[in-house]
Amino acid sequence: MEDKIKSFLDLVRERNGDEPEFMQAVEEVAETVIPYIVKKDIYHGKNILLRMVEPERVISFRVCWVDDSGEIQVNRGYRIQMNSAIGPYKGGLRFHPTVNMSILKFLAFEQVFKNSLTTLPMGGGKGGSDFDPKGKSDNEIMRFCHGFMSELFRHIGPNTDVPAGDIGVGGREIGFLFGKYKKLKNEFTGVLTGKGISWGGSLIRPEATGYGTVYFAQNMLATKKDDLKNKIIVISGSGNVAQYAAEKSIQLGAKVVTMSDSSGYIYDPEGIDSEKLKFIMNLKNVERKRVSEYCVKYPNSIFVKDETPWSIKCDIALPCATQNELNINDAKTLLENGCICVSEGANMPSTKDAVNEFQKAKILFAPGKASNAGGVATSGLEMTQNSLRYNWTRKEVDEKLKDIMTEIHNSCIEYGSDNNGYVDYVKGANIAGFVKVADAMLAQGVV
Ligand code: NDP
């Protein structure tokens, strides 16, 4: 088996070796899915995984825009259309200076499995730009978004490819992108998700990724007859996912003690309650300032510069910032401090070694492609509402989100349980996500 996995990875590395994040994502899938494929005759001789690691289409384009001082700026835009076997390409757009082909291909590849797990008919894609929104005025953001969409619009559509937000792309950016698309196509369609409520958005979409991550943790804890009440929670990030992971954790009776951004983390031993979280939301979403300001307002807390929060003692860790933000040493520290559950809100936030540590210790560990799938699932619900030209209530969407997270959890149990009752959620998510896409690809022939 090891030879089979190695020769597959050697082949993929030959083509993509200079793309470390993409290789990391492929390795994790190959190690769990190839042993499954070997046992299933229907997949033999079909090279199905080799087809899945090759994007159906990669688009790279120039984005020119004029900054406030009148200078012309040039950025690079991308869209990776990874797999459309079970539905139109679907996945977010990331605006961050670190964006490159490796990062977007890893995100697009993970998205294929994640979207399949949601049970909704969505293929996988991802896109973005190396544009850095930090420190830009609203007008600069608008001009960039318009420049970006003036090329992207040719490649997307409600039945072709439906982008959404990700790091650096929130409600403001989706508004500018949607406005330009509508202008160019002369069509009001559900071509993007994460739209404002008055122009086609869905209630609960902003909350969905963070809420879903916590619902998934709740499902995992329930297998041990446990829940979130009075649990100490350490969260990284202070953006969209982190904010709503914190909100739901607080609502369910847990005590959130940290949040962070790329400058460091804040630790509040008294707990970040709803009032304090409101302060953070305003700080990050309206004032667009650094998380360290929290300690000026709440002097009993501390700010630790340039560090991640994993050394703080907790029961549950929710990494909600970015990829590879939690390494093997962090994993060891979390385990030594008694952490019993990790539910990933971000995409691939734990390094491969860190995941191995969690699994060796047999704690509850959920990979992002399962635990953060609530965001794209609710995007799927937004697409449905757009097609129906109808809006569900907050309660209706939240109920559907909860049901979907429970379904995903059940799929992980189905494919990831061993004989001793331990659930390998990585294996479960990878195989469950794979089966639906692979079967659709087989049915559609070699295309
Ligand atoms: P936001 O841009 O809203 O927030 C990102 C947060 O992470 C910010 O606090 C940011 O800090 C921090 N961050 C970003 N890059 C780094 C870095 N290199 N080092 C340390 N901190 C960093 O993004 P989201 O909350 O939407 O996304 C967070 C994660 O969740 C990503 O991995 C994303 O792919 C994933 N995700 C998001 C979904 C969604 O619906 N939005 C859906 C599923 C997954 P700073 O402000 O300093 O940049």
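The chain is numbered in sequence order, starting from 1. Start at 1 and go down the list; that is how both ligands and their atoms are numbered. Bear in mind that the values here come from a model prediction, so they are computed numbers and not experimental data.
- Residue contacts with ligand 1 include Arg205, since one or more of its heavy atoms lies under 4.0 Å from the ligand.
- Protein heavy atom in closest approach to atom 31 (C) of ligand 1: Ala321 O, 3.4 Å.
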Residues Trp310, Ser236; criterion side-chain contact (heavy atoms from CB on, under 4.5 Å); working and verdict: CA-CA 8 Å; Trp310 314 122; Ser236 65; 3.5 Å; yes
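- In the candidate list Gly168, Gly170, Ser262, Ser262 is nearest to atom 45 (P) of ligand 1, counting heavy atoms.
- At the shortest separation from atom 23 (O) of ligand 1 among protein heavy atoms lies Ile167 CA, 3.4 Å.
- Heavy-atom separations between Met348 and ligand 1 are all 4.0 Å or longer.
- Scanning all heavy atoms of the two residues, the minimum distance from Cys314 to Val234 falls at CB-CG2, 3.5 Å.
- Of the heavy atoms in Gln323, none comes closer than 4.0 Å to ligand 1.
- Looking only at atom types and distance, the side chain of Thr351 has no donor-acceptor partner in the side chain of Asp353 under 3.5 Å away.
- At a threshold of 4.0 Å, the pair Asp226-Lys231 counts as salt-bridged, since one of the basic side-chain nitrogens sits closer than that to a carboxylate oxygen.
- Annotation: atom 38 (C) of ligand 1 to nearest protein heavy atom, Thr209 OG1, 3.6 Å.
- With ligand atoms numbered from 1 in the order given, ligand 1 contributes 9 (O) to contacts under 4.0 Å with heavy atoms of Ser238.
- Look at Met259 and you'll find every heavy atom at least 4.0 Å from all atoms of ligand 1.
- A cation-pi arrangement is present between Lys276 and Tyr298 under the rule of less than 6.0 angstrom and at most 45 degrees off the ring axis.
- Among all protein heavy atoms, the one lying closest to atom 46 (O) of ligand 1 is Arg290 NH2, 3.2 Å.
- In this structure, atom 3 (O) of ligand 1 lies nearest to the protein heavy atom Asn240 N, 2.9 Å.
- The option with the heavy atom closest to atom 10 (C) of ligand 1, from among Val376, Asp261, Asp132, is Asp261.
- Nearest non-hydrogen protein atom to atom 24 (P) of ligand 1 is Val241 CG2, 3.8 Å.
- Closest of all the heavy-atom pairs between Ser350 and Ala354 is CB-CB, 4.1 Å.
- In this structure, Gly345 has a heavy atom closer than 4.0 Å to ligand 1.
- A cation-pi arrangement, defined by a distance under 6.0 Å to the six-membered ring centre and an angle within 45 degrees of its axis, is absent between Lys182 and Phe188.
- Those atoms of ligand 1 with a heavy atom of His96 less than 4.0 angstrom away are 15 (N).
- Near Lys284, with a cut-off below 4.0 Å to any heavy atom, the atoms of ligand 1 are 46 (O).
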Worked check of side-chain contact (heavy atoms from CB on, under 4.5 Å) between Ile312 and Tyr265: CA-CA 11 Å; Ile312 300 296; Tyr265 74 88; 3.7 Å; yes
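- The shell of residues lying under 4.0 angstrom from ligand 1, judged by heavy atoms, includes Ser260.
- Protein heavy atom at the shortest distance from atom 35 (C) of ligand 1 is Asn347 ND2, 3.6 Å.
- Taking each heavy atom of Asn386 and Gly200 in turn, the nearest pair found is ND2-O, 2.8 Å.
- Taking every heavy atom of Arg94 and a limit of under 4.0 angstrom, the matching atoms of ligand 1 come to 31 (C), 32 (O), 33 (C), 34 (O).
- Judged by the shortest distance from any of its heavy atoms, Lys134 lies inside the 4.0 Å radius around the atoms of ligand 1.
- The protein heavy-atom contact nearest to atom 17 (C) of ligand 1 is Thr322 CG2, 3.5 Å.
- Contacts of Cys320 with ligand 1, taken as heavy-atom pairs under 4.0 Å, involve the backbone alone.
- Annotation: salt bridge (charged side-chain N to carboxylate O under 4.0 Å, His left out) contacts involving residues 146-155, sequence neighbours excluded, comprise Glu151-Arg154.
- Screening Lys126, Lys90, Arg79 against Asp161 for a salt bridge (charged side-chain N to carboxylate O under 4.0 Å, His left out) leaves a single residue, Arg79.
- Ser202 places no side-chain N or O within donor-acceptor distance of the main-chain N or O of Arg205, the cut-off being under 3.5 Å.
- Residues Lys436 and Ser116 approach most closely at CB-OG, 3.4 Å, considering heavy atoms.
- Among the atoms of Asn372, none of the N or O lies under 3.5 angstrom from an N or O of ligand 1.
- The nearest pair of heavy atoms linking Ala373 to Lys114 is CB-CG, 3.5 Å.
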